[in-house]
Q: 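Starting off with a structure, shown below.
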Amino acid sequence: MDNNSKVRVRFAPSPTGYLHLGSLRTALFNYLFARHNKGKFILRIEDTDQSRKVEGAVENLINVLKTMGLDYDEGPDVGGDYGPYFQSERLEIYKKYCSGLLEKGYAYYAFETEQELDEMRRVQQMQGRQTMYNRRARHLTENEVKEKLASGVPYVVRLKVPLDTEIKFTDIIRGNVKIETNLIDDQVLLKSDGYPTYHLANVIDDHLMGITHIIRGEEWLTSVPKHIILYNAFGWDVPKMAHVPLILNPDKTKLSKRQSDVATEDYLKKGFLKEALVNFMALLGWNPGEGESREIFSKEELIRLFSIERVNSAGAVFNIEKLNWMNSEYIKNYDLEKLVDLSIPYLNKGGIDTSDLVKTKRVVFAIRNYISKLDEAPQQARVYYKNDSLNDEQKKIIGNETSKRVLSLLISKLESLLEINADNFKPLLSEVQKESGVKGKDLFMPVRLALTSEEHGPELGLIAYVLGKNEVLNRLKTFQK
RNA sequence: GGCGCAUUGGUGUAAUUGGUUAACACGCCGCCCUCUCAAGGCGGAAAGUACGGGUUCGAUCCCCGUAUGCGCUGCCA
């Protein structure tokens, strides 16, 4: 990487109300790139569409980024030397630079109404021609423009795209791209409500904020020429660019609400761990290569290994099965205390009383191998809290002679045991087996029924450990007589 | 329709500068472990690299075309 200038990258979402998984990954790639290069990661809110304002969207966005651990160096709530970081608070800046473009003839006023433009498009469509602004306001005389402005007719400012040439650029991920300028629309830069469009605001802000690398979604690739025209008009350097591929549904269409959850919040809510989510999203479209076959990486490792050049250029299907697997790997290996803290809300929500912290901890220890995400915790934990009566079939099993022999033998052995831990209950059963000659199902099922009133469940050692010596004895004794 | 981008097993990916029996992981199947359910261990099926042409002694890798998918084609971002 070139270290001449300090790396500065930005994540520039428009606040739509939730953080789309695709945006999450774009943010993550920006973050990893910045941290890898010891640069700055900036959050900028692109709220220039007044009609799409969503209450509380920014707060939510910031919240999710923070819980995901994607901390930024500059942004709305943390400040920085290049603010403000809300585009809606930078209107004067855009106007100023836009006037500059107007003066130098790189942009022009246009006065069509939306209805007129719709009509223009409709006609073009009917004629099978490309739909784009016909650039007619370019030919307005100076006086015509003056008159219209003076009379207060609403106007927009449009980019005067240079005709009959080609714009070439190099994308870090995709290589060289070129587009004929005649196919590029005279994009609106300043809307009639005085707000800039994405194209104008984005170019000005990226320059003013000293952005060195633009890492963003693939959907922006075809707008790059417009941006380059703007950079040239302003006389500014064009930042390096990397357009990351889309995340797809299983049928390879763009990831959509119709086919799966798309909001990062939804996955967090279901009990995917942020570490697993980060790990998984990083590997969706990127990998460290060089014969690396591991797939579990901490954030620190990802930072160390990440390089934007190794991001894939094709879209990647979001494979929930693999996320499930990865999340279960994290759950299995997570710090137990922390996992307990994270699990408690889920257990409570499932109606499980967690006030006995010692037991709760044992329960979490016991279920961690059985769940792939936290919202499965209550269902797996339930068995450790139940004390139902047995049905007739089960009573028959537990009431027979061998079962009684097993239970009494086990009770006597248990009584001499100080405390049950995760490993010392199973050996007890082996002893019972040796001494009684009872083995297999005949040995285990009465114990299982006595302890859980279920024929299926986790291994008995775990169950005994979770219930504790007293409770185990109580339950066994109920069925001894 | 036009323009742009993409294309390795079902999915995510790997394959030093073109030379490999095309590798790994998820998922799937089977076996082992086992009272059951997971976990774990072992093994298997699964792509000849979208298709068709080139270039080359040799192409997953370079070039062209076709197909397919996606993106853009807004006073949305």
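Naming: A, B, ... by sequence-line order, numbering from 1 per chain. Everything numeric in this text was worked out from a predicted model, so none of it was measured.
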Q: For a quick test of reading the model: is some side-chain N or O of A:Thr48 closer than 4.0 Å to OP1 or OP2 of B:A77?
A: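 Yes.
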Q: For nucleotides 11-17 of chain B, give me one character per nucleotide, 5' to 3': B if any protein heavy atom sits under 4.0 Å from the base, S if the only such contacts are to the sugar-phosphate, - if neither.
A: BBSSS--
Q: So, under a plain 3.5 Å distance rule, would you say the side chain of A:Ser313 forms a donor-acceptor pair with the base of B:C5?
A: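 By the distance-only test, no, there is no pair.
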Q: Has A:Lys332 got a side-chain N or O lying under 4.0 Å from the OP1 or OP2 atom of B:A38?
A: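 For B:A38, OP1/OP2 do not have a side-chain N/O of A:Lys332 under 4.0 Å.
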Q: Touch check for A:Leu460, heavy atoms < 4.0 angstrom, all strands: base, sugar-phosphate only, or nothing?
A: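 Base, at least one base atom sits under 4.0 Å.
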Q: Indicate, with a heavy-atom threshold strictly under 4.0 Å, whether A:Ser14 touches base, sugar-phosphate, or nothing.
A: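 The residue A:Ser14 makes sugar-phosphate contact but no base contact.
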Q: In whole angstroms, how far is the P atom of B:G4 from the CD1 atom of A:Ile167?
A: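 Roughly 14 Å, once rounded to whole Å.
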Q: Using atom CG of A:Asp193 as one end and atom C1' of B:G74 as the other, report the distance to the nearest whole Å.
A: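 The answer, rounded to whole Å, is 14 Å.
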Q: Can you sort out the partners of A:Arg138 under salt bridge (Lys or Arg N to Asp or Glu O under 4.0 Å), two or more places apart, ordered by chain and number?
A: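 Here the qualifying residues are A:Asp186.
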Q: Let me see the working for A:Phe280 and A:Phe318 under ring-ring contact (aromatic ring centres under 6.0 Å, His included), right down to the final yes or no.
A: CA-CA 10 Å; A:Phe280 181 76; A:Phe318 182 79; 5.6 Å; yes
Q: Evaluate the side-chain contact (heavy atoms from CB on, under 4.5 Å) criterion for residues A:Tyr85 and A:Leu43: first the C-alpha distance (whole Å), next the side-chain angles of each, then the deciding distance (0.1 Å), finally the verdict.
A: CA-CA 7 Å; A:Tyr85 294 91; A:Leu43 175 65; over 6 Å; no
Q: Which heavy atom of A:Glu454 sits nearest to which heavy atom of A:Leu449, and what is that distance?
A: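 Answer, listing the atom of A:Glu454 first, then A:Leu449: O-CD2, 3.8 Å.
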